[in-house]
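This report concerns only the one structure given below.
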Number of protein chains: 2
Amino acid sequence: MVSDKQKNILNFINIFVEKNGYAPSVREICTGVGLKSTSTVQYHIEKLINSGYLQKNYKKSRALTVNSQMSKNKIPILGEIAAGSLLMAEENVIGSVNYPHAEEATELFALSVSGDSMIDEGIHEKDLVIIDKSLQIKNGDIGAFLINNTEGTIKFLRNIEGKNYLVPANKNYKKIQVNENIQPIGKVVSLIRDM
Amino acid sequence: MVSDKQKNILNFINIFVEKNGYAPSVREICTGVGLKSTSTVQYHIEKLINSGYLQKNYKKSRALTVNSQMSKNKIPILGEIAAGSLLMAEENVIGSVNYPHAEEATELFALSVSGDSMIDEGIHEKDLVIIDKSLQIKNGDIGAFLINNTEGTIKFLRNIEGKNYLVPANKNYKKIQVNENIQPIGKVVSLIRDM
DNA sequence: GTTTTATTCGAACAAATGTGCTAATATTAT
DNA sequence: ATAATATTAGCACATTTGTTCGAATAAAAC
């Protein structure tokens with residue numbers, strides 16, 4: 001739907017806004033992405049608007065706004081992980097949350113905790129955990145895992161006598177040995193609880 | 001240092017940015033705050049810049065940025081509450097954190113949790129709790145309290161047989177009856193944990 | 001190959017916008 | 001009252017900036 005050049009422009013705008021606190025002018029985008037004509041930039045901006053990535057205010061300068069889904073510091077909240085569905089599929093997004101530390105929001109998402117299997121670690125039901133897909137889950141880390149392509153869960157990953165286990169922080173639950181039905185999603189990097 | 005009109009202008013800019021995603025032009029500020037001359041606005045803008053409230057980029061349109069301390073969604077993190085000191089005194093601010101739900105940042109601040117007296121509620125040492133000074137702490141709420149003007153603490157407030165107690169969520173600690181040495185700071189409304 | 005579509009450029013225009021200058025008025029200090 | 005300071009206004013000017021039109025080039029489809 002959007003070409004590389006358009007992604008390039010969107011990215012430039014994002015970085016510009018992040019750095020300067022206001023959007024670039026058409027001509028600043030020109031030099032920023034290596035284009036010589038303002039109308040070429042207009043052309044791409046219109047495409048980005050039609051694709052829903054940008055918003056504009058007619059005839060106002062620097063009145064570009066990047067739509068929230070792809071703006072920095074804002075990451076999607078996923079609902080229950082549906083069977084076989086792609087994790088980041090849009091139909092699973094039930095909201096979004098600002099997350100100040102996010103540099104690259106693409107690797108991050110939030111998941112609402114269901115169940116009490118991590119209660120002893122102070123992770124409650126309804127808490128929001130931030131998951132970084134780009135970070136490998138190491139021994140001792142808390143990670144998000146997908147079981148049988150059906151169920152999402154938050155657990156400790158622990159290596160015991162050479163074997164990997166998903167270990168809950170609740171005596172009422174048992175640890176599960178990692179097998180081919182369990183795939184890692186990402187490392188839990190943060191927790192947000194509203195009261 | 002800054003006059004009412006200048007605060008008025010700063011507030012207008014803040015709201016405008018919040019609403020539109022980009023800063024207002026000089027003439028938009030004119031009509032927004034009820035001034036008829038662009039140079040009057042320039043005059044006030046320069047004052048606000050000299051006072052450190054605003055930043056500007058010379059000859060660029062809509063290139064105003066509100067300095068972070070007074071921008072929305074950003075609230076101060078306080079360190080240990082020093083004896084007798086005013087809670088929000090600047091010397092106690094050790095950082096700041098973005099908090100998406102903040103409408104009026106003035107009533108909110110963040111406190112780093114020390115100790116494990118609320119461990120059974122999943123509130124750990126080093127967690128960041130967001131406190132709303134404008135919300136009264138009611139029976140059953142978790143609140144922040146100042147004891148003997150010296151020590152800050154997070155506890156449940158519970159009314160037992162007509163008397164108010166600060167109740168920890170940890171069997172190793174005892175509840176404390178509320179007396180004149182204990183003053184409420186605000187209600188704990190959120191928790192952030194980085195791992 | 002031809003046609004269609006996507007992308008780029010150049011130039012010109014009108015509007016929006018920041019700035020500079022001078023003067024008038026209001027407020028405060030002495 | 002007088003002087004100093006703060007605030008406001010009006011106007012003109014130079015740039016910046018978004019927009020538009022036509023045409024050239026590149027890429028993709030047929």
Side-chain angles (χ1 to χ4, degrees), chain A residues 1-68 70-71, chain B residues 1-68 70-71:
Chain A
M1 201 67 172
V2 291
S3 69
D4 286 346
K5 198 74 184 182
Q6 278 144 30
K7 284 178 193 166
N8 187 209
I9 288 176
L10 189 63
N11 193 41
F12 174 78
I13 295 172
N14 256 325
I15 293 171
F16 191 101
V17 170
E18 180 81 6
K19 194 174 175 183
N20 299 289
Y22 50 87
S25 70
V26 175
R27 279 165 186 83
E28 284 167 339
I29 299 174
C30 263
T31 58
V33 301
L35 286 171
K36 289 175 186 170
S37 174
T38 55
S39 77
T40 305
V41 172
Q42 293 271 28
Y43 167 80
H44 286 300
I45 286 178
E46 205 152 318
K47 292 271 180 148
L48 284 166
I49 290 171
N50 289 335
S51 302
Y53 288 90
L54 271 183
Q55 272 184 287
K56 198 179 66 167
N57 221 316
Y58 184 67
K59 285 202 173 175
K60 294 202 170 181
S61 64
R62 303 179 184 279
L64 288 172
T65 46
V66 181
N67 273 356
S68 49
M70 37 284 297
S71 84
Chain B
M1 202 65 174
V2 290
S3 69
D4 285 346
K5 199 75 185 180
Q6 279 145 29
K7 281 179 193 167
N8 187 210
I9 288 175
L10 189 64
N11 193 41
F12 173 79
I13 295 171
N14 257 325
I15 293 171
F16 190 103
V17 170
E18 182 81 6
K19 194 174 178 183
N20 299 287
Y22 50 86
S25 69
V26 174
R27 279 165 186 81
E28 283 167 340
I29 298 174
C30 265
T31 59
V33 300
L35 286 172
K36 290 175 184 168
S37 174
T38 54
S39 77
T40 306
V41 173
Q42 293 270 27
Y43 167 80
H44 287 300
I45 287 177
E46 205 152 320
K47 291 269 180 154
L48 285 165
I49 291 171
N50 289 336
S51 303
Y53 288 87
L54 273 182
Q55 273 184 287
K56 198 179 65 166
N57 221 318
Y58 185 67
K59 284 202 175 174
K60 294 203 169 179
S61 64
R62 300 177 186 280
L64 288 172
T65 47
V66 181
N67 273 357
S68 50
M70 36 285 297
S71 86

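Reminder, nothing fancy here: chain letters follow the sequence lines and each chain counts from 1. Values reported hereafter were calculated over all heavy atoms of this structure, with side chains retained and with hydrogens, waters and symmetry mates removed.
- Summarising the geometry of Gly32(B) relative to Phe12(B), their closest heavy-atom pair is CA-CE1, 3.5 Å, with the distance given to 0.1 Å.
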Query - Leu35(A)/Ile29(A) under side chain to side chain contact (heavy atoms under 4.5 Å, CB included): CA gap, chis, key distance, verdict - result: CA-CA 8 Å; Leu35(A) 286 171; Ile29(A) 299 174; over 6 Å; no

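- Residues satisfying the salt bridge (charged side-chain N to carboxylate O under 4.0 Å, His left out) criterion with Lys60(A), sequence neighbours excluded, are Glu28(B).
- Atom CZ of Phe16(B) sits about 7.0 Å away from atom OG of Ser25(B), to the nearest 0.5 Å.
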Which pairs, protein N/O on one side and nucleotides 23-30 of chain C N/O on the other, fall under 3.5 Å?
none

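- When the P atom of dG18(C) is taken as reference, atom CG of Leu54(B) falls 13 Å away, rounded to whole Å.
- One distance of note links CZ of Arg27(B) with OG1 of Thr38(B); it measures 5.0 Å at 0.5 Å rounding.
- Side chain of Arg62(A) to main chain of Ser61(B): a donor-acceptor pair is present (N/O by atom type, distance under 3.5 Å, no hydrogens or angles).
- Remark: C1' of dT19(C) and CD1 of Ile29(B) are 14 Å apart, rounded to the nearest angstrom.
- Between the C1' atom of dG18(D) and the CD atom of Glu28(A) lies a distance of 13 Å, rounded to the nearest Å.
- Remark: Ile9(B) CD1 to Asp4(B) CG distance equals 11.5 Å, nearest 0.5 Å.
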Got a list of protein N/O to nucleotides 6-16 of chain C N/O distances below 3.5 Å?
residue, atom, partner, partner atom, Å
dT7(C), OP2, Tyr43(A), OH, 2.6
dT8(C), OP2, His44(A), NE2, 2.2
dC9(C), OP2, Lys36(A), N, 2.8
dC9(C), N4, Ser39(A), OG, 2.5
dG10(C), N7, Ser37(A), OG, 3.0
dG10(C), O6, Ser39(A), OG, 2.9

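- In this structure, the side chains of Leu64(B) and Tyr22(A) stay at 4.5 Å or more apart for every pair of heavy atoms.
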I'd like a list of close polar pairs between nucleotides 27-30 of chain D and the protein, N/O only, cut-off under 3.5 Å.
none

Listing, residues 39-50 of chain B side-chain donor-acceptor contacts under 3.5 Å, not counting sequence neighbours, or none:
residue, atom, partner, partner atom, Å
Ser39(B), OG, Ser37(B), OG, 3.1
His44(B), ND1, Gln6(B), NE2, 3.0
Asn50(B), ND2, Glu46(B), O, 3.3

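- Between the axis at the start and the axis at the end of the helix from dG1(C)-dC30(D) to dT30(C)-dA1(D) there is an angle of 40°, using five pairs per end and rounding to 10 degrees.
- Looking at residues two or more places apart in sequence or on another chain, you find a side-chain contact (heavy atoms from CB on, under 4.5 Å) between Asn11(B) and Ile15(B).
- Distance CD (Gln42(B)) to P (dC11(D)): 17 Å, rounded to an integer number of Å.
- Nearest heavy-atom pair across Thr65(A) and Gly21(B) is CG2-CA, 3.8 Å.
- Atoms CG (Asn57(B)) and P (dT15(D)) sit 18 Å apart, rounded to a whole Å.
- One can place CG of Leu64(B) at 17 Å from P of dT16(D), the figure rounded to the nearest angstrom.
- Summarising the geometry, atom CG belonging to Leu10(B) is positioned 5.5 Å from atom CG belonging to Leu54(B); distances are rounded to the nearest 0.5 Å.
- Under the side chain to side chain donor-acceptor pair (under 3.5 Å) criterion, Asn20(A) pairs with no residue at all, not counting sequence neighbours.
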